Amino acid sequence: MSKNVVEVVGVCRTYKSARGEEVHALENVSLTVSEGEFVSIIGSSGCGKTTLLRLVAGLDKPQSGTCSLNGAPIVAPSPKSGYVFQQQSLFPWLTVEGNIASGLKARGVYKQYKDDVPKYISLVGLDGFEHSYPHQISGGMAQRAAIARSLINRPSVLLLDEPMGALDSFTRAGLQDKLLEIWRTNGTTMILVTHDIDEAIYLSDRIVIMTPRPGKVSEVLEVKFPHPRHRGGAEFLGLRRVILEKLNLASAQPQPEYRI
Ligand SMILES: Nc1ncnc2c1ncn2[C@@H]1O[C@H](COP(=O)(O)OP(=O)(O)O)[C@@H](O)[C@H]1O
Ligand SMILES: [Mg+2]
C-alpha cells in the first residue's frame, strides 16, 4: 500500500471580510494524497482552492481540523512542500540559475547540492537560459524555472496554484507535457489547482471537485485511462462531460455576486 503524503481532515477556514462579515472559505474539507499521486483540484473562482493549498503549504492555519505531511502536523512553511504561484514569482534580480540555486541557498545547503542546479535546469528544459534574467524569458519558461526552484529541494509534495493560468494555450499545453515528464522522472507527489477541466483530465490520477462557498469537496473522480491521453478521445470527452455535469450540480446555488 502506498504511503499517505498529505492528509487533510475535517478542515474549516473562515475569514473576516473587510466589512466584518464571516466568509466560510472551507467547510469540513478532507483530502488524502498518496505518494507519487497527481491530484487536481477544480472548482469555481473563490471556492477555497488557494486557501486549501496554503494550509497544506503551512502558510496559513485552519480554525478546526488538521493537516499533516508525511504523518507530521503542518505548522509552518517547509521546503518539504514546494509552492508554485500563478503569477511570476522569480526574483527579478537573479538569473534563471540564480533563482533555482536560491531554493538551496534558502536552506543553507547550496555548497552540498550545487551540482544539482544544472540537473534541475535540464529537467525543466532551460538549458542555454541559465544566465537569462526573468524579464528575458517567456512566461512559460519562468514557470518552469519556478518549478525547478521548488523541486531542487526535493519536496514531498509540489503544490501548484494555477501555474498555467496566465499562459497562452500553446505554452500551456507545452508546460502540461513538461509537468508530466517531470512527474514521471522524479515521481514527485503533485497537487494542482486549476480551473481548466481538460488540464485536470490530461494530467491527473484523481480530480477533486469543490463546491462554491463554503468550499467543500463535492466529488472525487479517478482518471483511469493511460498516458498519453488524447484530448479528443472518447474516454477524455466522456469524462469531460461527467465533470461539466458535476460542476453544474456543484454550482446549483448561485454565488452571491451573480444574484440580482
Ligand atoms: N485573506 C483573506 N481575507 C478575507 N477573505 C479571504 C482571504 N483569502 C481568501 N478569502 C476569501 O475566501 C474565499 C476563498 O478564496 P480562495 O481560497 O482564494 O479561492 P480560490 O482560490 O478557489 O479562487 C473567497 O471568497 C475569498 O474572497
Ligand atoms: Mg486561487
Side-chain angles (χ1 to χ4, degrees), residues 6-31 33 38-67 69 74-77 81-90 139 142-143 146-147 150 157-167 172 175-176 179 190-201 203-204 206-221 243-244 246-260:
V6 172
E7 278 178 297
V8 173
V9 183
V11 155
C12 298
R13 179 68 174 96
T14 303
Y15 296 110
K16 271 254 189 299
S17 76
R19 283 183 288 172
E21 293 156 352
E22 293 209 323
V23 179
H24 295 281
L26 296 176
E27 199 171 278
N28 195 21
V29 168
S30 298
L31 175 68
V33 180
F38 199 129
V39 172
S40 289
I41 301 173
I42 59 175
S44 58
S45 178
C47 76
K49 304 181 294 296
T50 295
T51 301
L52 180 57
L53 273 201
R54 285 174 52 82
L55 292 173
V56 175
L59 294 165
D60 187 19
K61 291 197 176 68
Q63 270 100 0
S64 57
T66 57
C67 298
L69 184 67
I74 298 167
V75 289
S81 54
Y83 200 108
V84 178
F85 299 87
Q86 173 172 358
Q87 295 306 330
Q88 238 267 57
S89 63
L90 296 179
Q143 284 303 55
I147 289 169
S150 287
V157 63
L158 188 63
L159 306 167
L160 301 142
D161 195 353
E162 304 198 37
M164 299 172 249
L167 305 177
R172 173 183 276 252
L175 189 53
Q176 288 168 357
L179 203 53
M190 305 269 192
I191 305 181
L192 169 75
V193 162
T194 178
H195 53 244
D196 183 334
I197 298 172
D198 287 1
E199 183 169 289
I201 302 173
L203 297 172
S204 323
R206 277 191 299 147
I207 300 175
V208 176
I209 302 177
M210 288 183 62
T211 58
R213 261 169 285 158
K216 290 182 191 171
V217 172
S218 95
E219 200 90 36
V220 181
L221 300 171
I243 294 174
L244 278 170
K246 307 254 183 221
L247 279 173
N248 279 337
L249 269 182
S251 46
Q253 290 276 347
Q255 286 187 258
E257 55 260 53
Y258 302 127
R259 274 189 207 135
I260 300 165

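Computed from a predicted structure; not experimentally measured. Start at 1 and go down the list; that is how both ligands and their atoms are numbered. Just so you know, these numbers use all the heavy atoms, side chains as well, and skip hydrogens, waters and symmetry mates.
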Nearest-0.5 Å distance that lies between atom CD in Q143 and atom CD in Q88: 7.0 Å
Stepwise salt bridge (Lys or Arg N to Asp or Glu O under 4.0 Å) check, K16 with E22: CA-CA 5 Å; K16 271 254 189 299; E22 293 209 323; 3.7 Å; yes
T51: numbered ligand 1 atoms lying under 4.0 Å from its heavy atoms: 14 (C), 15 (O), 16 (P), 17 (O)
Straight-line distance of K49 NZ to T194 OG1, nearest 0.5 Å: 9.0 Å
Contact (N/O only, under 3.5 Å) between A25 and ligand 1: no
Atom 14 (C) of ligand 1: the protein heavy-atom neighbour that sits closest, reported with distance to 0.1 Å: G46 O, 3.3 Å
G48, any N or O under 3.5 Å of ligand 1 N or O: yes
Atom 26 (C) of ligand 1 - nearest protein heavy atom and its distance: V23 CG1, 4.8 Å
Min heavy-atom dist K16 to ligand 1 below 4.0 Å: yes
Any C47 heavy atom less than 4.0 Å to ligand 1: yes
For I41 against M210, the heavy-atom pair lying closest together: CG2-SD, 3.5 Å
Within-cutoff protein neighbour (heavy atom, under 4.0 Å) for atom 24 (C) of ligand 1: yes
Interatomic distance, L26 atom CG to S64 atom OG [nearest 0.5 angstrom]: 10.0 Å
Nearest non-hydrogen protein atom, atom 18 (O) of ligand 1: T50 CB, 3.7 Å
Ring pair (Phe, Tyr, Trp, His ring centres under 6.0 Å) involving Y15 - partner list, sequence neighbours excluded: none
Nearest non-hydrogen protein atom, atom 4 (C) of ligand 1: Y15 CB, 3.3 Å
2.8 Å cut-off met by an N, O or S atom of T50 to the Mg ion (ligand 2): yes
From CG (L247) to OG (S218), nearest 0.5 Å: 7.5 Å
Per-atom contacts, ligand 1 versus S45 - under 4.0 Å to a heavy atom: 23 (O)
Atom pair NE2 (H195) and CD (Q86), whose distance is rounded to the nearest 0.5 Å: 7.0 Å
